[in-house]
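Notes follow once the structure below has been shown.
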Amino acid sequence: MAEIMEPKNFIHAFIEEDIAEGGQFAGQTVHTRFPPEPNGYLHIGHCKALTINFSTALKFNGLCNLRMDDTNPAKEDTEYVEAIQEDIHWLGFDWDDRFFYGSDYFEKTYEFAEELIQKGLAYVCELTPEQFREYRGDLNTPATSPYRDRPMEESLDLFRRMRAGEFEDNRYTLRAKIDLASGNFNMRDPVLYRIRHVDHHRQGTKWCIYPMYDFAHPIQDALEGITHSLCSLEFENHRPLYNWVVEHVSVDHHPRQIEFARLGIDHTVLSKRKLRQLVEEHRVSGWDDPRMPTLCGLRRRGYTPKSIRNFCERIGVAKAPNTVEYAFLEHCLRDNLNETATRVMAVIDPVKLTVTNYPEGQTETFEVENNPVVENSGTRPVTFSRELWIEREDFMEEKVGKFFRLFPGNEVRLKGAYVVKCTGCVKDETGKIVEVLCTYDPESRGGNPADGRKVKSTIHWVDAGNCYDAEVRLYSNLFDDPDPDAAGKDFLACLNPNSLEIKTGCKVEASLADTKPTDRFQFMRQGYFCADSRDSTSEHLVFNRAVSLKDSFKPGK
Ligand code: ATP
Ligand code: MG
């Protein structure tokens, strides 16, 4: 179970007032809900909303329901329902048996609609969608509807016949009778029900009229006994309607809606519609492509539940819209993996290093520490022999600038093993370097010369006689443009053509042979990696770079 969100936020302050003596919910259990629409996978923006809902319940020792908001019959799918549950569990939150579907309340919602008609608070309107827009009025002109004064009995009869399937789509709507002159357009006799001859993923053909979100949602909250309906800011202007609904239908429980700012992150898009388009147009390999801001994508990339929860907690809960740097999400991951990931050696762009004075056929074993920042994290054996793999970029035939790694005449430390001195290299007929040559100092076992001379650089290496080939996938931002989500921008044109670089023939140390996708490693000097959950097998290891070591996040920027 996740820890409680500690930093104080304005939502918690409101709730404290509400449950205190004299408050709206004095003495009651705090009850929140997370209502995703099962028409796509959860992304990091939803994560903010669900963390707020679940953590707030935890903080107040309350309850949080998971409710599939499947009011709208289009594009909903059980695949998404299952994925959403899996993602939330993975994050460490749970709803016990409080799992609901908005569509389970359709019958009740329908009854409340009849109740409003009978109370003279709703009427059947027959403006076409075009006329509806035409009659909507503007700030200075009230809306109009010639059907507003339709007798109650007639509206009731028409509404029942709408349900019975007598009319085609859009022929009639049911509208609340509130205030056609309201400055808030949501209150200008909003539509409560419309006709849609569409099957529902759970209700099948039972319904051909569907309630609008603004009518269904407050009813669902009220029926579940939700005390605090926490939602994103775009619902602020809908709050008067939310309150109107719970006040005018026969529910004895009146939840309070509180809004918070949506999360935006630079270099990405957080809209299911756009994410779906990336998937459907094969711009990415799927919803769980490791470059996607979806929870399944982040998980496959190597993100841990803890890093994502920390991110959501550290960005806080504010009322003002904010965009957070993607670099901050990466910073949170690095923070977490620094403490938990085992350090290993892997060579991504290998070139052979031959230790010419090391006896052929001889091997020896070094114990290398697993994690220098965690006490008692132990060591693991790493073998050493005459032929090793090193990173091609760790050698230069002629030193340039501040290059202190391998070049003829220079000494470097092979991490955890010996100090070696470069003596030259071998090239093929095209002039390409195929082998680097060196000699080792037998008096430097463990990496420190016996005479105390200084060795500036340490490089990683892998024993060529005891290692595995691997494919390594290096990811960077899916979008070059910092704000691909901006209104009016063609987000597809902002895609980074180099967001995935695939390296094959990489060499990894023997300890990585049985890697499971949940294992995360620091490839020394390179970054944090995890085995790819779809493609990595013991015959063909595939590692994803979760995040590089270089932190580009500047606090306070
Ligand atoms: P999208 O625009 O991605 O389709 P949505 O709001 O339509 O998002 P829902 O499934 O309805 O998706 O979202 C469930 C909850 O998550 C809602 O309460 C919504 O306010 C919240 N939510 C969605 N995106 C964000 C975001 N970027 N930041 C904070 N909360 C979000
Ligand atoms: Mg929505």
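One-based numbering, in listed order, for ligands and for the atoms of each.
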Quiz item: Is any side-chain N of the basic residue among Asp289 and Arg300 closer than 4.0 Å to the acidic one's carboxylate O?
Solution: no
Practice problem: Verify whether the ring centers belonging to Phe159 and Tyr110 lie closer than 6.0 Å. | Solution: yes
Quiz prompt | Region of Ser232 that comes within reach of ligand 1 [heavy atoms, distance under 4.0 Å] | solution = both
Practice problem: May I ask you to check if Arg301 and Tyr303 form a cation-pi contact, with NZ or CZ under 6.0 angstrom from the six-membered ring centre and within 45° of the axis? | Solution: no
Exercise. Would you mind listing which atoms of ligand 1 come within a distance below 4.0 Å of any non-hydrogen atom of Leu263?
Key: 26 (C), 27 (N), 28 (N), 29 (C)
Quiz item: Taking the six-membered ring of Phe529, is NZ or CZ of Arg520 closer than 6.0 Å to its centre and within 45° of its axis?
Solution: no
Quiz prompt | Min N/O separation Lys48 to ligand 1 under 3.5 Å | solution = no
Quiz item: Are any of the heavy atoms in Ser271 under 4.0 Å away from ligand 1?
Solution: yes
Practice problem: Validate the cation-pi geometry between Arg202 and Tyr101: distance from NZ or CZ to the six-membered ring centre under 6.0 Å, angle to the ring axis within 45°. | Solution: yes
Quiz item: Should one rank His43, Glu37, His46 by closest heavy-atom distance to atom 13 (O) of ligand 1, which comes out on top?
Solution: His46
Quiz item: If you count the atoms of ligand 1 from 1 in the order shown, which ones are under 4.0 Å from a heavy atom of Ala49?
Solution: 16 (O), 21 (C), 30 (N)
Practice problem: Compute the shortest N/O to N/O distance between Lys272 and ligand 1 and return yes if it is under 3.5 Å, no if not. | Solution: yes
Exercise. Just jot down the ligand 1 atoms closer than 4.0 angstrom to any heavy atom of Pro35, in number order.
Key: 14 (C)
Quiz item: Does even one non-hydrogen atom of Arg273 get within less than 4.0 Å of ligand 1?
Solution: no
Exercise. For atom 31 (C) of ligand 1, state which one of Gly45, Pro36, Gly40 supplies the nearest heavy atom.
Key: Gly45
Quiz item: Phe235 vs His238 aromatic rings, parallel, tilted or perpendicular, using cut-offs 30° and 60°?
Solution: perpendicular
Quiz item: Strictly under 6.0 Å, is that where the ring centroids of Phe479 and Tyr326 end up?
Solution: no
